[in-house]
J.: 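Sharing a structure below in structure tokens format, with a few things to ask.
Start at 1 and go down the list; that is how both ligands and their atoms are numbered.
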Amino acid sequence: MTDKSIKCPVTKKCGGCQLLDLDYDKQLAEKQRRVEKLISKYGKVDKIIGMDNPYNYRNKIHAAFSHDRKGNIISGIYEKKSHRVVNLDNCYLENEKSDEIIVTIRKMLKSFKLKAYDEDTGYGFLRHVLIRTAHLTGQILVVLVTGNNIFPSKNNFIRELRRQHPEITTIVQNINDKRTSMVLGERNIVLYGKGYIEDELCGKRFRISPKSFYQVNSVQTEILYKKAIEYAKLTGSEKVIDAYCGIGTISIVVADYAKEVVGVELNGDAIKDAIINKKQNKADNVRFIKADAGKFMKDMAAEGEKCDVVFMDPPRAGSTEEFMDSVIEMSPEKVVYVSCEPETLARDLSYITKRGYSMKRAVPVDMFPMTVGVETVVELEKHKK
Ligand code: SAH
């Protein structure tokens, strides 16, 4: 299904779309093979779920700002393995409206005589722009990441940006004054609107702040969560743990099918969003705890706590032996592992399948078309005694 007429002019420099030249069906076959090679020794892998339209799916986009040799402002992606910015007007993965807003901001910098930040000297104004669009509600968050808290002609700039893009619902200035490759700094100043967006997933409403994690492909996230819930086979009487819960999406979606849910997450901003999300969705049987997932599980296991189902959705580095040892001690009937990195998933499966759990089935979900990335949901079941 890949559209052969699509040729990206910066694909070599960017390197983000490793599979852009491959037919979409072949991309899916390739991902299926990769996941099977790594995990089919533990159990059955169902057919990968792809997208009907595998383009422009990213709801979060980020552009770096810099100058070219002639001093013109440029914005786009970093060249592979470097901090050289490659100028870019649109990207086949990114939300199209967000790309348009970035181009507008680039042009506005020139007319407002503002400079891009210079990583070498630490001078200049704008470092990055981050845009989040809500798939269902259409809300748009624009984060202007600046090198310090000075914002020349701030009010006029915001007024003009909103005039050109009335669809923007909120604008935040984020101050990043550190010599770092991290995009966002600590401080946020809300310049317009609420400072966050709200989106809907699986019939629930979620607040998403600039620094909270939110799945980048909303269409596939619903499919992913539905698979995770199907695998958990909840009946309404279970005590559930949702580890690495982000803004509480899985917790709140499964709350309707369980007795009680505890979500655990390390990022403070995400936990604040999660607590508000719980209230807004009237999910009274859900609690959120800010903690390292491994440490939290260890404490729970040490206190002799039990649970029936564990959802775990760790970052790319995967989970830890501390976490899995505690899961094994708490002995839930089911563990549903949602993974964004098959290599670390395979490593963790190798550990847990030797210690009382077996993989019943798994399904890859293509959350990242045109790239080598692939998400996988795995159902693990406690060995029957
Ligand atoms: N389940 C969520 C988030 C998954 S992303 C969703 O579907 O949206 C992984 C999350 O793990 C991120 O929110 C990240 O902040 C969190 N995280 C990373 N390391 C962690 C740790 N050691 N303990 C708890 N949470 C962690």
Side-chain angles (χ1 to χ4, degrees), residues 57-60 132 134-136 182-184 186 196-229 231-232 240-255 258 261-278 281 283 286-301 309-327 335-342 344-345 348 365 367-368 373-378:
Y57 57 83
R58 281 193 66 95
N59 59 30
K60 178 173 100 170
R132 276 188 147 151
H135 181 69
L136 230 89
M182 296 280 286
V183 173
L184 293 178
E186 285 300 317
Y196 56 86
I197 52 168
E198 286 176 308
D199 201 5
E200 276 175 33
L201 262 183
C202 303
K204 305 286 177 188
R205 204 171 171 92
F206 296 101
R207 168 194 291 217
I208 312 148
S209 298
K211 289 183 86 169
S212 297
F213 175 90
Y214 188 61
Q215 302 282 358
V216 296
N217 183 336
S218 304
V219 172
Q220 294 298 85
T221 300
E222 285 218 345
I223 292 171
L224 183 79
Y225 286 179
K226 281 185 185 141
K227 275 287 165 195
I229 293 170
Y231 283 5
V240 174
I241 291 178
D242 174 19
Y244 311 92
C245 70
I247 61 168
T249 41
I250 295 178
S251 304
I252 290 167
V253 172
V254 302
V261 185
V262 181
V264 55
E265 159 69 45
L266 198 55
N267 177 321
D269 286 0
I271 279 290
K272 277 187 203 146
D273 286 348
I275 291 167
I276 289 162
N277 289 333
K278 160 197 149 89
N281 290 287
V286 182
R287 278 186 298 139
F288 289 107
I289 291 166
K290 178 184 177 302
D292 170 79
K295 190 169 178 315
F296 168 81
M297 290 302 275
K298 198 173 169 190
D299 292 348
M300 293 279 279
V309 176
V310 171
F311 289 90
M312 53 188 285
D313 184 5
R316 279 162 67 177
S319 193
T320 58
E321 292 185 3
E322 180 188 47
F323 182 91
M324 288 184 286
D325 285 340
S326 311
V327 169
V335 178
V336 179
Y337 192 141
V338 179
S339 155
C340 57
E341 178 48 68
T344 55
L345 170 65
D348 292 345
V365 179
M367 299 274 277
F368 317 104
V374 59
E375 197 91 7
T376 312
V377 194
V378 180

J.: Where is the tightest heavy-atom contact between S212 and I247, given as atom of each residue plus distance?
T.: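 S212 and I247 have their closest heavy atoms at CB-CG2, 3.5 Å.
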J.: When you compare the side chains of N59 and Y214, does any donor N or O come within less than 3.5 Å of an acceptor on the partner?
T.: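 Per modelled atom types, N59 and Y214 side chains form no pair under 3.5 Å.
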J.: Using the salt bridge (Lys or Arg N to Asp or Glu O under 4.0 Å) rule, collect all pairs that involve residues 312-321, keeping only residues at least two apart or in two chains.
T.: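 Salt bridge (Lys or Arg N to Asp or Glu O under 4.0 Å) check on residues 312-321 returns no pairs.
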J.: CE of M312 to CG of D242: how many Å apart, nearest 0.5 Å?
T.: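 Those atoms lie 11.5 Å apart.
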J.: Would E200 and R205 pass as an ion pair if we require N to O under 4.0 Å?
T.: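 Counted as a salt bridge, because a side-chain N and a carboxylate O are separated by less than 4.0 Å.
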J.: Which pairs of N or O atoms, one from ligand 1 and one from the protein, are separated by less than 3.5 Å, and what is the distance for each pair?
T.:
unit_1: ligand 1; atom_1: 1 (N); unit_2: Y244; atom_2: O; d: 3.1
unit_1: ligand 1; atom_1: 1 (N); unit_2: D313; atom_2: OD2; d: 2.9
unit_1: ligand 1; atom_1: 7 (O); unit_2: Q215; atom_2: NE2; d: 2.8
unit_1: ligand 1; atom_1: 7 (O); unit_2: Y225; atom_2: OH; d: 2.6
unit_1: ligand 1; atom_1: 7 (O); unit_2: D313; atom_2: OD2; d: 3.1
unit_1: ligand 1; atom_1: 8 (O); unit_2: Y225; atom_2: OH; d: 3.4
unit_1: ligand 1; atom_1: 13 (O); unit_2: E265; atom_2: OE1; d: 2.8
unit_1: ligand 1; atom_1: 13 (O); unit_2: E265; atom_2: OE2; d: 3.3
unit_1: ligand 1; atom_1: 15 (O); unit_2: E265; atom_2: OE2; d: 2.6
unit_1: ligand 1; atom_1: 22 (N); unit_2: D292; atom_2: OD1; d: 2.8
unit_1: ligand 1; atom_1: 23 (N); unit_2: A293; atom_2: N; d: 2.8
unit_1: ligand 1; atom_1: 25 (N); unit_2: L266; atom_2: N; d: 3.2

J.: Under the side chain to side chain contact (heavy atoms under 4.5 Å, CB included) test against M367, which residue among I223, L224, V219, T376 passes?
T.: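 Single pass found, and it is L224.
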